[in-house]
Trainee: 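The structure is given below, and queries will be raised subsequently.
Counting convention: from 1, in listed order, for ligands and their atoms alike.
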Amino acid sequence: MTTHLPQTTGRQLGRRSWAEPWKIKMVEPLRMTTPGERERALAAAGYNTFLLRSEDVYIDLLTDSGTSAMSDRQWAALMLGDEAYAGSRNFFELQEAVRAVYGYRHVVPVHQGRGAEHLISQIAISPGQLVPGNMYFTTTRAHQERAGGVFVDVIIDEAHDPASEHPFKGDVDLGKLAALIEREGAGRIAYVSLAGTVNMAGGQPVSMACARGLRRLADRHGLRVFLDATRMVENAFFIKEREDGYADKTVAEILREFCSYTDGAWMSAKKDSLVNIGGWLALNDEALFEEARGLVVVFEGLHTYGGLAGRDMAAMAAGIAESVDEDHIRARIGQVRYLADLLGAAGVPIVRPVGGHAVFLDARRFYPHLPQDAFPAQTLAAELYLDSGIRGMERGIVSAGRDPVTGDHHRPSLELTRLAIPRRVYTQAHMDIVAEAVEAVHARRGEAKGLAMTYEPRHLRFFQARFERL
Ligand code: PM9
């Protein structure tokens, strides 16, 4: 099969079209709602799309986490679940899949990504230590802070500019990191927290050159590098497309090489690995692994199930293998690009280049008349739901939360509304409908008045905060 991306331009360029490498075997009906029903549902949800009931949502682009469609092979694997309390066969399958695909030595299963973030933060951060990383992620930073760490952003400046066309906007600025080490001393740094396709920057990839350079810098100072591998398969795809010397390598080979520059990884398997629940922590260091294995039994469950059923681990092992299939990943990124191309052609401001798992609407340019204190990205998610029952998520000042020391809002330069696309779930026609809805909201953009926060939870406020209309 010859394939070219972006899919949308295939025909314009005179190439043959390209389609998803699967067909649909089971369907789930969608419910459409009336404008009045949506108005009532959103008001009851405090204008927070996280607080809507999913039955009131038509097309659900809240997240790509745990929302993917499993394959027939994954469903079949569920039936082969070994539900022994200890030593389940499925744990060994999972361990083997992680070793084969990611290349790490030791594997601790957890119920989802933040279970692993909790473990790595507790065992690798001492109170007061710094944790430099390529942009914060909400749950990751929350666990680092709860362990007494202080996150320091060392991503390249281009990542904070939604219009910059830099091909690897997820890269660590090695100069910034070197200066931090120089200023604070390597002993004050817990580890480097490196994430693939940086979520809060718009799903932006990290280059292999950066990973390699980071390894060299870390080695010079005796620092460890831990990877958030949640969407690393997508990252590997971007390296294949954009970085010299990788076009002829497989996504699986690129992934293995990238991971080889790191000392371990945490994983939310709910994304790349195509399962509805699950995750793992992988470590090369024996002593650190012993600590993680000791702690997992306190918070998640025995070290051979980590809060999961045997069948969950079986589906995860199968999903890991499917995730590095070239046609799968090409179609996955291709669908995100299809939506982005429609929106870009309609003049809707989006984060460029288009990332791996979502299209991010640039709420600052969408609603230039709204100050950040009126929560433009939250407003845009609300308006989109009201228009058509499509659910996205705020990724701006609300998600950024407050500085734990000063109590002030973090004020990120990126004020984004994310339309995350579940894997293998929606069709091209659904994407057309999403684009039409966003265009309709864009056409009425001058009418938006913004929101005020009426309830602010202490932890990860974006999940449960409530708002009212200004
Ligand atoms: N990400 C997402 O929608 C779900 C929770 S936040 C709305 O993007 C990264 C890069 C993630 C991530 C979750 C986690 C935590 C870690 N790293 O949700 O605990 O994107 O499995 O993973 C979400 P869990």
Trainee: Heavy-atom contacts under 4.0 Å between Arg418 and ligand 1: side chain, backbone, both, or neither?
Mentor: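 Side chain only.
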
Trainee: Identify which one of Lys271, His357, Lys270, Arg231 satisfies the side chain to side chain donor-acceptor pair (under 3.5 Å) criterion when paired with Asp64.
Mentor: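 One option only clears the test, and that one is Arg231.
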
Trainee: Do the side chains of Glu20 and Arg423 get close enough for a salt bridge, i.e. N-O under 4.0 angstrom?
Mentor: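 No salt bridge links Glu20 with Arg423.
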
Trainee: Consider ligand 1: state whether an atom of it lies below 4.0 angstrom from any non-hydrogen atom of Glu117.
Mentor: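 Yes, that is the case, since the closest heavy atom of the residue is under 4.0 Å from the ligand.
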
Trainee: With no hydrogens and no angle check, do the side chains of Asn199 and Arg395 hold a donor and an acceptor under 3.5 Å apart?
Mentor: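 Judged by distance alone, the side chains do not pair up.
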
Trainee: Nearest protein heavy atom to atom 7 (C) of ligand 1, by residue and atom, and its distance?
Mentor: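 Its nearest protein heavy-atom neighbour is Met393 CE, 3.5 Å.
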
Trainee: Can you tell me the protein heavy atom closest to atom 15 (C) of ligand 1 and the distance?
Mentor: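 Here the closest protein heavy atom is Thr139 OG1, 3.4 Å.
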
Trainee: Which ligand 1 atoms does Thr63 reach within 4.0 Å, using its non-hydrogen atoms?
Mentor: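 Taking each heavy atom of Thr63 in turn, ligand 1 has 2 (C), 3 (O) under 4.0 Å.
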
Trainee: Which atoms of ligand 1 sit under 4.0 Å from any heavy atom of Asp228?
Mentor: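 Result: 9 (C), 10 (C), 16 (C), 17 (N).
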
Trainee: Decide whether an N or O pair under 3.5 Å exists between Ser268 and ligand 1.
Mentor: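 Yes.
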
Trainee: List every atom of ligand 1 that sits less than 4.0 Å from any heavy atom of Lys270, numbering the atoms from 1 in the order shown and giving each element.
Mentor: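 So the atoms of ligand 1 that pass are 21 (O).
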
Trainee: Report yes if Arg231 has an N/O atom closer than 3.5 Å to an N/O atom of ligand 1; otherwise report no.
Mentor: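 Yes: some nitrogen or oxygen of Arg231 is under 3.5 Å from one in ligand 1.
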
Trainee: In terms of ring plane angle, is the pair His430 and Tyr426 parallel, tilted or perpendicular, where the classes change at 30° and 60°?
Mentor: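 Rings of His430 and Tyr426: perpendicular, as their planes differ by over 60°.
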
Trainee: Taking the ring centre of each residue, are Phe375 and Phe467 less than 6.0 Å apart?
Mentor: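 So the answer is yes for these two rings.
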
Trainee: Looking only at protein heavy atoms, identify the closest one to atom 23 (C) of ligand 1 and say how far it is in Å.
Mentor: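 Of the protein heavy atoms, Lys271 NZ, 3.5 Å lies nearest.
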
Trainee: So for ligand 1, is Phe137 a polar contact partner (N or O within less than 3.5 Å, distance only)?
Mentor: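 No - when backbone and side-chain N and O of Phe137 are compared with those of ligand 1, no distance drops under 3.5 Å.
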
Trainee: Nearest to atom 5 (C) of ligand 1, what protein heavy atom do you find, and at what distance?
Mentor: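 Result for atom 5 (C) of ligand 1: Arg114 NH2, 3.5 Å.
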
Trainee: Should Gln112 be counted as touching ligand 1, given the test is an N or O pair under 3.5 Å?
Mentor: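 Indeed, backbone or side chain, Gln112 has an N or O that close.
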
Trainee: With a 4.5 Å cut-off on side-chain heavy atoms, are Phe91 and Asp82 touching?
Mentor: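 SC-SC contact between Asp82 and Phe91 ruled out.
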
Trainee: I'd like to know if the side chain of Ser399 pairs up with that of Glu394 as donor and acceptor (distance under 3.5 Å, no hydrogens or angles considered).
Mentor: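 Per modelled atom types, Ser399 and Glu394 side chains form a pair under 3.5 Å.
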
Trainee: At less than 4.0 angstrom from any non-hydrogen atom of Gly113, what atoms of ligand 1 do you find?
Mentor: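 Per the distance check, 19 (O), 21 (O), 22 (O), 24 (P).
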
Trainee: Please evaluate residues Val57 and Asp60 with respect to the criterion side-chain contact (heavy atoms from CB on, under 4.5 Å), reporting the C-alpha separation (whole Å), side-chain torsions for both, the decisive distance (0.1 Å), and the verdict.
Mentor: CA-CA 6 Å; Val57 174; Asp60 202 347; 3.8 Å; yes

Trainee: Below 6.0 angstrom between ring centroids: does that apply to Tyr136 and Phe151?
Mentor: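 Distance test on ring centres: not under 6.0 Å, no.
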
